[in-house]
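For ligands, and for the atoms within them, numbers begin at 1 and follow the listed sequence.
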Amino acid sequence: MAPTTVDQIRLTHEEINRKQKEYIFPSVTNYYADPVPMDHAAMQHVWDVEGKKYLDFFGGIVTISVGHCNPRVISRTKAQIDKLQHVSTCFPNEPMVTLAEKLAQITPGALKKSHFTNSGTEANETAIQVARMHTGNFEVLALRHGYSGRSSLARGLTGMSTWRRGTIEVGIVHAMNPYCYRCPLGLKYPDCEVACVKDIENMIQFSTSGRVAAFLAEPIQGVAGFITPPKEYFKMAFNIVKRYGADFISDEVQTAWGRTGHKWFGIEHWEVEPDIITSAKGLGNGVPVGLTIAKPEIAESFQGLTISTFGGNPVTCVTAKAVIDVIEEDDLRTNAAEVGSYFRRGLEELQQKHALIGDVRGMGLLLALELVEDRATKQTAPAGTNAVMEEARKRGLLIGKGGFYGNVIRMSPPLNISRADVDEAIRILDESFAAVKK
Ligand SMILES: Cc1ncc(COP(=O)(O)O)c(C=O)c1O
C-alpha cells in the first residue's frame, strides 16, 4: 500500500538524514539520536522509509485530528484541487465563506468574523494587530512558558527564552503562569486561592502604562508541556484584563477542534467567552491553515489594507470544513473525552509503577507526563525523557516532547483512536519506562 511512486524519489534513511544536515537550517531539530524519515501514513499509523510501522500518538505536533490522510477528508481535498486551486483574497470563494459561516456557528459567544492565513504564527500576529487597532492600546500581556509562534512578534509573545533567541519585541510583558506542579509561588492548589492570577494585575500596574491591548494565553500551554490551569484561572484573568481595556485572545492552536473533549474549544472548559480566538494545526489535519476569528466590532476595526495570498485558499478551506464535518458526524468530541479519560487512567496506573513519572496532566486527548529524577525534589529528567522516547520508538510508538526543561512527554493522538489503540500505547509505554528504570 506504500505510495512508492510519488515523484519517483526513493532516498534511503541515511541519504535523507545526510541531506537534512547539509541543506536544512540546523535550528530545526529532529527527534531521536538517529532521526526517523517518514514515508507514508493512514489514520493513526505512520510508516518510515524502511517500512517500520508506528502508532502515532503525537499526530505531527497536535495536528492530525481525524487521522492521517483520512479518506473522507482527502477525497474532498482532491476534488477541490481538480476544480479550483487558488484565487487569492482578491476574489471571494464558496469554500472560504462556507467554512467561515460554520466557524461562526461553533465558536463560543459572539465570535463571527474570520481572517484566514497559513499558520498559527500568522493567526496570532493578526490577533495582536487587530486588538491594538480595536483598543487603541499597544501593550500586550502574555504568560510565561507560553509559545506563540516563530515570527518576531510571536517570538516576543513566547514566554520561554529557548524559543526567543535573537528576539527583541517591545510592549510585551509576561505574567507568571498557573503551573501547579511547579508553582511559581511555591503554593499548593486549592489553598493558594489561585494567587498566581494576581500577577496579571501586578504586571499591568507596574510593567505597562496601565492600558493594555490584549491578553493572549493558551487554555492549556502546549509546547510548555500541556500545563493545565486550575478551573478558576481564566475567569479571574478575564475579569482583571477587562478592567484595563484588553481584548482577551484565546490561542487555541493546540486546544481547539474537540481535542480537550466534549467542547470545540479549550477555553470553553473555563467558561470564558474570548474576544478573539486563534487556531491552526488540527483544523487542517495536515494542510496549512491559520484562523483568527473575532467579534464583529473587533474585526471591523482593522484599519488599512491587508491581504494573505494563500489565506482562505479554496483547497485549504474545503479540507478544514471536511475535518469539522468528520468531527461532528463521528462525535469525536465525545470520543476524545471518553477515550481520553480511559487513556488518563492508564497513565495514572503507570505513574504508580514508574518513579520517573512525576505528574500526569492535560484534558481529553491532550495528555502529558512530566518526568522527574526524584518525586520529592522534582529534579527534571530530560535524559530520562529522551530515553523513554527512544524505547517507545523502537517498540513502534511515536510520542512528543515538550516543557521548558525538555522533561515532558506529550501525547495527542488523532481524536478517532479507540481503546485498543490506547491499550497498545500503554503497553509500549510501560515496557519503555521499565527499560529505562533508574
Ligand atoms: C499555542 C501555539 N500557538 C502558535 C503556534 C504557532 O503555530 P505555527 O507553527 O503553525 O506557526 C503554535 C505552534 O506550535 C502553538 O502551539
Side-chain angles (χ1 to χ4, degrees), residues 25 27-31 58-65 115-129 131 140-160 162-164 167 169 172 174 177-179 214-229 234 248-257 259-260 265-267 269-270 274 276-293 308 310-311 313 316 319-320 323 362-368 399-404 406 408 410-412:
F25 270 33
S27 56
V28 180
T29 54
N30 297 131
Y31 281 163
F58 198 35
I61 321 185
V62 202
T63 295
I64 300 302
S65 41
H115 181 75
F116 296 108
T117 48
N118 308 294
S119 64
T121 298
E122 284 180 89
N124 283 337
E125 284 268 349
T126 308
I128 299 297
Q129 286 167 16
V140 175
L141 209 84
L143 293 181
R144 294 183 195 155
H145 291 250
Y147 180 84
S148 301
R150 57 170 310 283
S151 65
S152 182
L153 174 57
R155 282 165 77 91
L157 291 165
T158 294
M160 289 184 279
T162 39
W163 298 96
R164 291 172 56 100
T167 303
E169 274 289 320
I172 301 171
H174 295 85
N177 66 333
Y179 190 175
F215 168 76
L216 179 142
E218 303 158 75
I220 295 175
Q221 291 183 309
V223 177
F226 300 168
I227 295 173
T228 311
F234 281 116
F248 185 106
I249 303 172
S250 185
D251 176 343
E252 303 262 358
V253 168
Q254 300 208 11
T255 49
W257 320 114
R259 170 71 46 202
T260 54
F265 296 91
I267 197 67
H269 294 282
W270 282 266
I276 304 173
I277 282 180
T278 59
S279 194
K281 290 189 186 281
L283 174 58
N285 201 51
V287 299
V289 62
L291 164 72
T292 309
I293 183 163
S308 172
F310 296 115
N313 175 282
T316 303
T319 307
V323 170
M363 274 178 140
L365 283 171
L366 194 70
L367 293 170
I399 50 181
K401 189 165 76 161
F404 180 72
V408 182
R410 294 195 284 161
M411 288 158 293
S412 52

Sub-4.5 Å side-chain heavy-atom contact between Leu365 and Arg259: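 A side-chain contact under 4.5 Å exists here.
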
Under a strict 4.0 Å criterion on non-hydrogen atoms, which protein residues are in contact with ligand 1?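 For ligand 1, the residues that come within the 4.0 Å heavy-atom cutoff are Ser119, Gly120, Thr121, Asn124, Tyr147, Ser148, Gly149, Glu218, Asp251, Val253, Gln254, Lys281.
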
Compute whether any side-chain donor of one residue and acceptor of the other, for Ser152 and Glu169, lie under 3.5 angstrom apart. yes

Donor-acceptor check, side chain of Ser119 to backbone of Thr117, threshold 3.5 angstrom: yes or no? no

In terms of relative ring orientation, are Phe248 and Phe215 parallel, tilted or perpendicular, with 30° and 60° separating the classes? tilted

Please name all residues satisfying ring pair (Phe, Tyr, Trp, His ring centres under 6.0 Å) with Phe404, sequence neighbours left out, ordered by chain then number.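 If we apply the ring pair (Phe, Tyr, Trp, His ring centres under 6.0 Å) test to Phe404, skipping adjacent residues, there are no hits.
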
Run the side-chain contact (heavy atoms from CB on, under 4.5 Å) test on Leu153 and Ile172 for me, step by step, so that the C-alpha distance in whole Å, both residues' side-chain angles and the decisive distance to 0.1 Å come before the verdict. CA-CA 9 Å; Leu153 174 57; Ile172 301 171; 3.8 Å; yes

